[in-house]
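Notes to accompany the following structure.
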Amino acid sequence: MKALVLSDEINQFHWSVLKSVLLVLSILPLSQGILHIWQSTEGSSQIMVGFFALSLFSSLFILSFWSALQATVLKLKQQQITAFEQRIIGLYRYVPMLSLVAMMSYLVTQL
């Protein structure tokens, strides 16, 4: 049975992609929590919760975009990698950006 052994560089790339995707996925529970808080408040408190949510979401979206962009443009020293593995890594590097786009489109249709 063949064991899958990844080089250290590919392993670090994998973990950076996973961290980026988890950062993107953290947007959903945060949005649901803020939406619940906003609906349970009244009047001028909603304005304050709205400003807080806007600043929090903008900073989280910027961080998510930056993290996904870093995973997309990361260069690997591909020394002993076959063409098939290069193709898989090429596709895998777009997973964080695709998850960010999917999360943003989901949130836009829900609100």
Side-chain angles (χ1 to χ4, degrees):
M1 193 167 149
K2 184 178 177 182
L4 179 64
V5 178
L6 299 175
S7 69
D8 188 44
E9 187 179 21
I10 293 177
N11 192 21
Q12 289 176 354
F13 171 67
H14 170 70
W15 284 109
S16 69
V17 167
L18 288 179
K19 285 186 239 179
S20 178
V21 169
L22 287 176
L23 183 64
V24 170
L25 291 177
S26 69
I27 295 172
L28 186 61
L30 183 69
S31 68
Q32 294 302 316
I34 288 179
L35 184 64
H36 176 70
I37 291 172
W38 188 66
Q39 289 175 346
S40 66
T41 59
E42 295 179 4
S44 63
S45 297
Q46 281 185 340
I47 295 171
M48 195 163 83
V49 169
F51 281 129
F52 175 73
L54 184 64
S55 64
L56 191 63
F57 275 123
S58 64
S59 64
L60 190 58
F61 277 129
I62 289 170
L63 286 174
S64 297
F65 178 74
W66 180 78
S67 176
L69 191 63
Q70 288 294 325
T72 303
V73 298
L74 185 68
K75 298 291 182 192
L76 297 175
K77 298 176 189 171
Q78 301 170 348
Q79 294 173 353
Q80 298 172 340
I81 299 177
T82 64
F84 177 71
E85 290 171 336
Q86 287 177 355
R87 187 88 166 157
I88 295 296
I89 290 172
L91 293 173
Y92 187 59
R93 71 177 59 233
Y94 292 107
V95 169
M97 195 62 78
L98 290 173
S99 63
L100 179 64
V101 168
M103 182 63 67
M104 288 176 63
S105 62
Y106 174 76
L107 288 175
V108 165
T109 60
Q110 294 300 314
L111 298 178

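Sequential numbering from 1 along the given sequence is applied to the chain's residues.
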Side-chain donor or acceptor of [X] paired with backbone N/O of [Y] under 3.5 Å:
X	Y	result
T72	A68	yes
S67	S64	no
S105	V101	yes
S58	L54	yes

According to a 4.5 Å side-chain heavy-atom criterion applied to Ile, Leu, Val, Met, Phe, Trp and Tyr, with indirect links allowed, do [X] and [Y] form part of one hydrophobic cluster?
X	Y	answer
I89	L91	no
Y94	L69	no
L98	L100	no
L63	F61	yes
M103	W66	no

Side-chain donor-acceptor contacts of residues 23-34 below 3.5 Å, not counting sequence neighbours, with atom names and distances?
residue : atom : partner : partner atom : Å
S26     : OG   : L23     : O            : 2.6
S31     : OG   : I27     : O            : 3.4
S31     : OG   : L28     : O            : 2.7

Whether over 12 other heavy atoms sit under 6.0 Å from F65 CZ:
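Count not over threshold, so no.
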Atom of [X], atom of [Y] and distance for their closest heavy-atom approach:
X	Y	result
V21	S99	CG2-OG, 4.0 Å
W38	Q46	O-NE2, 3.1 Å
R93	A71	CB-O, 3.6 Å

Rounded to the nearest 0.5 Å, how far apart are CZ of F57 and CD1 of I62?
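The CZ atom of F57 sits 13.5 Å away from the CD1 atom of I62.
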Whether F13 and Y92 hold their rings parallel, tilted or perpendicular, with breakpoints at 30° and 60°
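Geometry flag for Y92 against F13: perpendicular rings.
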